[in-house]
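Heads up: the structure comes next, in structure tokens.
Everything quoted here is computed from the prediction, not taken from an experiment. Sequence lines set the chain letters: A, B, ... in the order given, protein chains first and strands last, and positions in each chain run from 1.
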There are 2 protein chains.
Amino acid sequence: MSYVAPLKDMLFVMNELAGLSAVNALPGCEDATPETVEAVLEENAKFTSEVIAPLNWAGDQAPSYWKEGSVFTTKGFKEAFKMYGEAGWQGVQHPTDFGGQGLPKLVATPCIEMLNSANLSFALCPLLTDGAIEALLTAGSDAQKAIYLENLITGKWTGTMNLTEPQAGSDLAMVRTRAVPQGDGTYKVFGTKIFITYGEHDMAENIVHLVLARTPDAPEGVKGISLFIVPKFMVNADGTLGARNDAHCVSIEHKLGIKASPTAVLQFGDNGGAIGTLVGEENRGLEYMFIMMNAARFAVGMQGVAVAERAYQKAVSYAKDRVQSRDLAGSAGPVTIIHHPDVRRMLMSMRAQTEGARALAYVAAAASDAAHHHADEATRKANQACYEYLVPIVKGWSTEMSLDVTSTGVQVHGGMGFIEETGAAQHYRDAKILTIYEGTTAIQANDLVGRKTARDGGATAKALIAQVRKTEAELAAVQSADLAAIQRQLAAGSQALEDVVTYVAANFKADIKGVFSGSVPYLKLAGIVLGGWQMARAALIAQQKLQAGDGDAKFYQAKIATARFFADHILSAASGIRTSIVEGSAGVMAIPEDQF
Amino acid sequence: MSYVAPLKDMLFVMNELAGLSAVNALPGCEDATPETVEAVLEENAKFTSEVIAPLNWAGDQAPSYWKEGSVFTTKGFKEAFKMYGEAGWQGVQHPTDFGGQGLPKLVATPCIEMLNSANLSFALCPLLTDGAIEALLTAGSDAQKAIYLENLITGKWTGTMNLTEPQAGSDLAMVRTRAVPQGDGTYKVFGTKIFITYGEHDMAENIVHLVLARTPDAPEGVKGISLFIVPKFMVNADGTLGARNDAHCVSIEHKLGIKASPTAVLQFGDNGGAIGTLVGEENRGLEYMFIMMNAARFAVGMQGVAVAERAYQKAVSYAKDRVQSRDLAGSAGPVTIIHHPDVRRMLMSMRAQTEGARALAYVAAAASDAAHHHADEATRKANQACYEYLVPIVKGWSTEMSLDVTSTGVQVHGGMGFIEETGAAQHYRDAKILTIYEGTTAIQANDLVGRKTARDGGATAKALIAQVRKTEAELAAVQSADLAAIQRQLAAGSQALEDVVTYVAANFKADIKGVFSGSVPYLKLAGIVLGGWQMARAALIAQQKLQAGDGDAKFYQAKIATARFFADHILSAASGIRTSIVEGSAGVMAIPEDQF
């Protein structure tokens, strides 16, 4: 059940692919020196593997439970969260002004990965708290910042996102929760919110609910939604906790996975009204919530990478231990199953997809840092566009990939994989939520198609494809059978992606249902091509290091082999996916509803 | 939670694709008239949907449990199994001589599908019993047949397969259970067997364990394994039950899915020795067990189809009910989610794959019938070769497909899918065992590569591909955009499959690890091409019916649209898979073990 943080691969990706030194050179990122970053990562690895990872199986076996309005988390969670906050981990990427460490997103990202690999259920509490912090930093008043931020950033309090209602899931236009102004600057909030992660728990002194609701005269639809802070306990002027607010947990869900993470039904205002304060301006709530959501979507993408890494480590460990059947090439007796080609193929598939998704996410994090901190406005804008294009891909592709990887992880274990005590099945169950919450894969794909591709006529996508082609040219310039194979598949992939981007931009208005019929395949295609691009870049760098005789040769050889596997086994699907998008819309909508 | 048997599709496949009338014309299959078959299917549909399906969720919530050596199944299972036996369902495909109905495999197959759609956990007991019946019919002595067969076929007793031991999973060479001759024709059996489905339960008066064990002087490896009957209760000469045998259930497993199906650890001989009788000859046990296994492998393939069908029905029902967001083409208010293109794409993907796998399995069943009953020996042989080629594909592809379909089923439900009470997650959990038991997908793929392809130089595979090409020619002769698209993808698919068969046959000896690196991708490729072939055949027939104005036009239009979807979205992956096999072995084995 152990977890060993893949620090070597993380640092390789940060240094060689995501450009840590360039991030360190950005104004405001001076603290992120190579030495500091390495020290932070090592400390985080130690903490997550020693303190958090051992609670993962316990949380599955003895999940959080509800009793008379309170939620009791798994034994050990409360103490671990206290340590987490005290060690400063909640504050890694948040401003020093409010008690954070002020480090770039590129440095926070591996920390998020490690925490999630260690324990997906535990990590959700910090994840949602990060989102609340982002929203308050961007849209909160000075008074709100003063009351809430430091307590959230130091892990004393935690945050939640209250969007979903029974009739309003993906469709937030249907939100019905009401917020009635009281004339004193506060509002009374009434309504029911469901699927609220860590909506109630015993790990912190206070819970800061960020709640979408409608004021009495608000317009219908998404343009009439405002965002409110509704704390579990009111906060007095001196910062001490006041009365219990009228926001109560009436039940938690019985779920397939992430069982230790309480998923609450919250009832606001059943006893007179829950007191809330408006964040920013009325009717701009969705906009502010998107700040949280974009941060959370990226983080959920990292959850995909994280659970895939954990499942991979577990499968490798079993494959090196389990003895079964002779080696195909001949052996005296039975061998460990890692010798068998199909087991090796499964492990390589897990490894290659995990590494590709990690690299793409870290590259996106670096783009976010440049978008925030770069001195040049045009560079900031270009990086912002790149980051925004990548967020739905990081979220959608990494999580879809994690379903495949955790499923393969069970398969490597054979019959033992199906036995819960083995632990492989937990990752399979846990991962299943990742393609659903913070916007399903279809919602990510809608974002990719509409806001991120059609809106600029495919310009951002094509700028990325142009960069992929540069890498193809570099690959072609090297004499290597592996790099030539990678180049071939990457070229086919980038062509497929370009065809699709052109198709999406050209047909978005004339054939909207046809274009959206291919939205999720487009997202997956973008994932494998851009993830494959990172693998190709890694192979190029590894080749250079090997030629220069610089560093750990086995590590670099493995990088090339993994990139080759990715190209032949994952990226090779690109042209088939292109077909399903560009030629495949006819069959999607053809059958009338009554024939289903 | 309801299940409606897809009788219309089943009968279409039986009549139009699998050739029920040709099967009915075989010697010994005269009873399988269209009227009889339709009546049997309707009765089975009624029984499985009304009696068995309602127990599915109950079995997940209140699984079988172990207490002091006994296993108590879910409330209602015992009564349902009694009804199942009394109605004659266990005997559908077994000889009338021993109380069966003597119907062809093609007729038994939809019955197996319906039972498994209704309740995967329940269906495992009849499934294993079928296997035991097959083995005794083929290899049992007249005395053994007289004692056991009628009781098994009428559902009074049940059967088990005892292969696996802690150190012997896929590798049966490592079986250690001992069988010591007692000089009176009986043996005493000693050992531990694990993962024994319905190895202990309270649904029948007796349990007939078929057990692999070694006699004292047996050679090592798989050539020293014999097969024994070890009943739970000894059977007296007059057929009444005698003493309790020394075969005891010491525990059952806590599993990810199929929780109502008890998975037993059986201890043989801890109190002096379990009395067994030899089946057939010593040291030929594996051969006899393969009779059971081949029957069981085909049936597990049907489990894949069955759980996919159930998940599909559930997803359709939710998609027609759940209201969320406006129609992309414009609507006054929000619409049911079946109007949204990506939901439709998911439903079509579930539907197309399920229909393709069903059709391929039924066609295989008809080949098995011809292999057993055809008057002409050459035709029997050709059909046997075809059936044997298809069994690992039906098992491997249908079950891998079911993982994808049940996962998509959860996704269609959004957040509700992750809540256990919704029920979609049960299918996802249940399906996960299907790619593992009765031989993992890798074991099926080894069989496909070694015994079914390399051994005859690819002749059987190429004979099938030649038939696919005939269908391509028929498609090309019709004026239809849909059929033209199907033809294009099928032609690309059959070419990819032929390339791979040629590669496997040519490189099997020289590069065995390379060939086996692509074994599972080859199996999946064969599945989508041969399943896609059936879909294409269905589209051709539907087109003819439409032109002739014969029958339900909407049904036939839907057949064509589903085949088109299969071609564009599933079959279109063929050339990418070909690449991963023919060009992709380099990356699979390249990394040394210490780099994992």
Does the side chain of Thr440(A) pick up a donor-acceptor pair with the side chain of Gln411(B) at under 3.5 Å? no
For chain A, the option from Arg564(B), Met416(B), Arg345(B), Gln489(B) that forms the most heavy-atom pairs under 4.5 Å: Arg345(B)
Hey, does Glu420(A) have a side-chain heavy atom less than 4.5 Å from the side chain of Lys255(B)? no
Which residue out of Gln557(A), Glu583(A), Glu253(A) racks up the most heavy-atom pairs below 4.5 Å with chain B? Glu583(A)
Out of Asp327(A), Val316(A), Ile338(A), Ile433(A), return the one with the most heavy atom pairs under 4.5 angstrom to chain B. Ile433(A)
Heavy-atom pairs under 4.5 Å with chain B, option from Thr562(A), Leu328(A), Leu347(A), Asn446(A) with the top count: Leu328(A)
Quick one: closest heavy-atom pair of Gly169(A) and Arg322(B), and the distance? N-NH2, 3.8 Å
Suppose we call two aromatic rings close when their centres sit under 6.0 Å apart. Are Tyr428(B) and Tyr428(A) close by that rule? yes
Of Thr579(A), Ile512(A), Ile419(A), the largest count of non-hydrogen pairs under 4.5 angstrom with chain B goes to Ile419(A)
For chain A, the option from Ala319(B), Gly333(B), Pro521(B) that forms the most heavy-atom pairs under 4.5 Å: Pro521(B)
Please rank Ala173(B), Gly415(B), Ala573(B) by heavy-atom pairs under 4.5 Å with chain A and give me the top one. Gly415(B)
What is the minimum heavy-atom distance between Ile258(A) and Phe418(B), and which atoms define it? CG1-CE2, 3.6 Å
For Pro334(B), enumerate each residue passing the side chain to side chain contact (heavy atoms under 4.5 Å, CB included) test, keeping only those at least two apart in sequence or located in another chain. Asp171(A), Met174(A), Val323(B)
Report yes or no: does Lys320(B) contribute a side-chain atom to a donor-acceptor pair with the main-chain N or O of Phe596(A) at less than 3.5 Å? yes
What residue in Tyr437(A), Phe555(A), Phe565(A) has the most heavy-atom pairs under 4.5 Å with chain B? Phe565(A)
Would a distance-only check, ignoring hydrogens and angles, find a side-chain to backbone donor-acceptor pair under 3.5 Å from Arg344(B) to Ile591(A)? yes
Find the one option among Gly417(B), Ala442(B), Gly257(B) whose heavy-atom pairs under 4.5 Å with chain A are most numerous. Gly257(B)
Could you tell me which portion of Ala558(B) (side chain, backbone, both or neither) has an atom closer than 4.5 angstrom to a non-hydrogen atom of chain A? both
Among the options Ala425(B), Ser325(B), Gly576(B), pick out the one with the most heavy-atom pairs lying under 4.5 Å from chain A. Ser325(B)
The interface call for Asp404(B) against chain A, heavy-atom contacts under 4.5 Å, is neither
Nearest heavy-atom pair of Pro341(B) and Met589(A): which atoms, and what distance? CA-SD, 3.7 Å
Less than 4.5 Å to any heavy atom of chain B: does that hold for the side chain of Ala329(A), its backbone, both, or neither? both
Backbone of Val410(A) reached by a side-chain donor or acceptor of Lys432(B) within 3.5 Å: no
Contact part of Leu403(B) toward chain A, heavy-atom cut-off under 4.5 Å: side chain, backbone, both or neither? side chain
Heavy atoms of other groups near Lys509(A) NZ, more than 12 under 6.0 Å: no
Here the gap from Ile581(B) atom CD1 to Ser572(A) atom OG, rounded to the nearest 0.5 Å, amounts to 9.5 Å
Selection residues 585-596 of chain A - residue pairs positive for side-chain hydrogen bond (donor to acceptor under 3.5 Å, both in side chains), sequence neighbours left out: Asp594(A)-Lys554(B)
Checked Ser519(A), Ser575(A), Ser407(A) vs chain B; the most non-hydrogen pairs under 4.5 Å come from Ser407(A)
Checking Gln167(B) against chain A: side chain, backbone, both or neither under 4.5 Å from a heavy atom? backbone
Give, as side chain, backbone, both or neither, the part of Met346(B) having an atom under 4.5 angstrom from any heavy atom of chain A. neither
Can you say whether His413(B) sits under 4.5 Å from chain A via the side chain, the backbone, both, or neither, judging by heavy atoms? neither
For Thr263(B), which atoms come within 4.5 Å of any heavy atom of chain A: side chain, backbone, both, or neither? neither
So for Pro6(B), is it side chain, backbone, both, or neither that comes closer than 4.5 Å to the heavy atoms of chain A? neither
Under a 3.5 Å distance rule, please check whether His569(B) uses its side chain to pair with a backbone N or O of Gly584(A) as donor and acceptor. yes
